[in-house]
There are 2 protein chains.
Amino acid sequence: MHANVKNVIPISGHSLKAACSQCNLRELCLPFGLEESDMARMDTMIGGGRKLKRGQHLYRAGDAFESLFAVKAGFFKTDVLTEDGRDQVTGFQMAGEILGMDGISVEVHTCNAVALEDSEVCMIPFTQLEALSSEIPSLQHHLHKVMSREIVRDHGVMMLLGTMRAEERLAAFLLNLSQRFTARGYSPSEFHLRMTREEIGSYLGLKLETVSRAFSRFQDEGLISVQQKHIRILDIPKLKTVLTPPDGRIG
Amino acid sequence: MHANVKNVIPISGHSLKAACSQCNLRELCLPFGLEESDMARMDTMIGGGRKLKRGQHLYRAGDAFESLFAVKAGFFKTDVLTEDGRDQVTGFQMAGEILGMDGISVEVHTCNAVALEDSEVCMIPFTQLEALSSEIPSLQHHLHKVMSREIVRDHGVMMLLGTMRAEERLAAFLLNLSQRFTARGYSPSEFHLRMTREEIGSYLGLKLETVSRAFSRFQDEGLISVQQKHIRILDIPKLKTVLTPPDGRIG
DNA sequence: AAGTCGGGTTGACACAGATCAAAGGGGTGC
DNA sequence: GCACCCCTTTGATCTGTGTCAACCCGACTT
């Protein structure tokens with residue numbers, strides 16, 4: 001946790017030197033599967049870590065695209081908003097996940113990324129990443145996998161928004177969080193939500209009242225316990241059955 | 001259209017030699033921006049074109065992933081279906097668009113791709129594409145752009161599914177088709193839908209009856225004329241206002 | 001310690017879209 | 001060229017979620 005201390009600049013909000021080779025997220029993050037020597041080359045490329053306070057924007061729609069970002073610590077949301085005032089949360093990102101891939105296509109970011117708690121990211125200058133990845137096939141391939149995974153995830157959200165009812169959406173959301181926390185060594189059944197009911201609702205295509213009611217109903221049925229943003233899943237298998245009604249819906 | 005005739009094998013369903021350098025879609029498709037010499041290298045890599053009849057699968061969820069496909073002619077849909085019988089159309093693809101990027105992440109396709117009319121695709125073996133793109137920076141970069149564009153497109157669909165009402169969704173859908181047909185040199189205002197009302201509904205998160213009613217209402221209001229699958233947009237600006245209510249919805 | 005404010009919960013009611021049902025039409029395959 | 005079947009349209013009714021409103025709670029502020 002205190003690697004590279006000599007490079008740390010103690011001004012809040014900036015320039016903590018990052019090093020993939022020292023990072024305990026490397027098995028989740030972009031350098032996954034790299035050899036020692038290649039990891040060292042990543043290190044030289046990765047821009048200084050950047051710290052953000054809760055509520056701060058990592059980037060905004062319209063900003064020039066220059067880098068991807070890896071979440072080192074904390075929690076983010078991304079959202080798109082249109083001229084006519086619609087607002088859609090497109091994802092929540094936690095440690096080891098990559099932000100900014102929306103910007104590659106037009107060299108301008110198309111969504112906003114906001115820290116939902118005090119957070120830290122590593123900056124990955126994209127031009128350099130491309131250069132390095134053409135020299136390191138496994139890095140190139142992994143980058144493609146990360147982008148593809150994002151596409152697959154988006155398809156999952158489309159499925160959720162297109163076919164599920166409110167309680168199914170919320171159950172899917174909670175189970176997804178649970179699984180991602182598990183992968184990071186946290187409890188699968190107990191966690192703090194970093195986002196508001198409204199943000200959950202936006203992500204799930206529901207109004208905040210509907211989200212709140214669904215939480216209450218899950219609690220009444222003994223599936224979870226809710227205290228504000230603190231969630232405890234009491235019965236994971238049963239929560240899964242919310243997603244898969246007993247007789248299916250094959251037709 | 002009749003390039004490479006000498007290589008055509010007249011058995012339906014297979015092996016029409018493809019050549020990017022001869023293809024009139026090259027400015028829309030993956031080799032966009034390549035130099036002559038690099039284009040020639042693409043040619044050697046591109047697998048024989050493959051023809052599909054209407055209704056035929058290009059690939060299925062669960063198939064091993066080996067190639068991307070470029071739509072050379074025709075029209076496809078992609079859809080995901082879950083064990084419990086949910087079915088979500090995730091996209092419709094036309095000439096010059098790339099299919100199969102969902103498969104990169106786990107080396108297995110996660111959705112089905114089906115031809116909605118007799119179609120033809122070029123096969124792009126992915127391992128070879130990665131190898132070539134590490135030698136041709138502009139190819140690598142363009143591949144990234146194509147993947148990023150898919151992510152941005154997916155965000156647009158999430159916005160549509162999460163925030164729009166039925167008529168807004170259909171208007172957005174028609175305008176999107178119109179724009180893509182225009183980019184391919186077809187009429188912006190008159191086209192045949194290749195998909196059923198049910199497939200449109202699945203894509204838009206609506207039931208087929210709702211889609212049908214929305215079509216009828218647009219027709220009653222003089223925005224479009226509908227005769228089965230033949231659509232004529234009579235008033236594009238007015239159709240756009242369906243998407244952007246006069247006073248917006250800022251609040 | 002009281003006041004304020006944003007976020008959350010809950011209730012009553014409205015409405016968009018789903019569901020169920022029936023009939024017509026056109027394209028496809030034989 | 002004919003027949004069949006799927007697609008589409010339209011109507012009547014139902015329902016899940018949105019909308020509007022009131023109230024509560026906990027966290028900051030002063």
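Convention: sequence-line order gives letters A, B, ...; per-chain numbering from 1.
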Handout entry: Residues in side-chain hydrogen bond (donor to acceptor under 3.5 Å, both in side chains) contact with A:Ser178, at least two apart in sequence or another chain
Key = none
Handout entry: Summary of protein contacts for nucleotides 7-16 of chain D, nucleotide by nucleotide, where a base hit scores B, a sugar-phosphate-only hit scores S (4.0 Å, heavy atoms)
Key = SSBBBB---S
Completion exercise
When rounded to whole Å, the CD to P distance for the pair A:Glu167 and D:dT17 reads 8 Å
Practice task
For B:Gly201, report the nucleic acid contact type (base, sugar-phosphate, nothing); a contact means any heavy atom under 4.0 Å.
Solution key: nothing
Completion exercise
Sorted by chain and residue number, the salt bridge (charged side-chain N to carboxylate O under 4.0 Å, His left out) partners of B:Arg54 (sequence neighbours excluded) come out as none
Practice task
Tell me what A:Arg217 touches on the nucleic acid: a base, only sugar-phosphate, or nothing, going by heavy atoms under 4.0 Å.
Solution key: nothing
Handout entry: All salt bridge (charged side-chain N to carboxylate O under 4.0 Å, His left out) counterparts of B:Glu198, not counting sequence neighbours
Key = none
Handout entry: Sequence-distant partners of B:Asp79, salt bridge (charged side-chain N to carboxylate O under 4.0 Å, His left out), two or more places apart
Key = B:Lys77
Problem - 5' to 3' contact window, DNA chain C with chain B (heavy-atom distance under 4.0 Å) - result: C:dA16 to C:dT28
Handout entry: Set of residues satisfying side-chain contact (heavy atoms from CB on, under 4.5 Å) with respect to B:Glu117, sequence neighbours excluded
Key = B:Phe75, B:Ser119, B:Arg194
Donor-acceptor list for residues 201-213 of chain B side chains, cut-off 3.5 Å, not counting sequence neighbours:
unit_1: B:Ser202; atom_1: OG; unit_2: B:Asp87; atom_2: O; d: 3.4
unit_1: B:Ser202; atom_1: OG; unit_2: B:Val89; atom_2: N; d: 2.8
unit_1: B:Tyr203; atom_1: OH; unit_2: B:Arg153; atom_2: NH1; d: 3.3

Problem - Residues forming a salt bridge (charged side-chain N to carboxylate O under 4.0 Å, His left out) with B:Arg197, sequence neighbours excluded - result: none
Practice task
Using side-chain hydrogen bond (donor to acceptor under 3.5 Å, both in side chains) as the criterion, list what pairs up with B:Thr82, not counting sequence neighbours.
Solution key: B:Asp84
Exercise for the section: Please collect all salt bridge (charged side-chain N to carboxylate O under 4.0 Å, His left out) contacts where either partner lies in residues 220-235 of chain A, sequence neighbours excluded, each pair once. Expected result: A:Glu190-A:Arg232
Handout entry: Minimum heavy-atom distance B:Ile236-B:Pro188, with the two atoms named
Key = CD1-O, 4.2 Å
Practice task
Quantify the bending of the helix from C:dA1-D:dT30 to C:dC30-D:dG1 as the angle between its end axes, each fitted on five pairs, to 10°.
Solution key: 60°
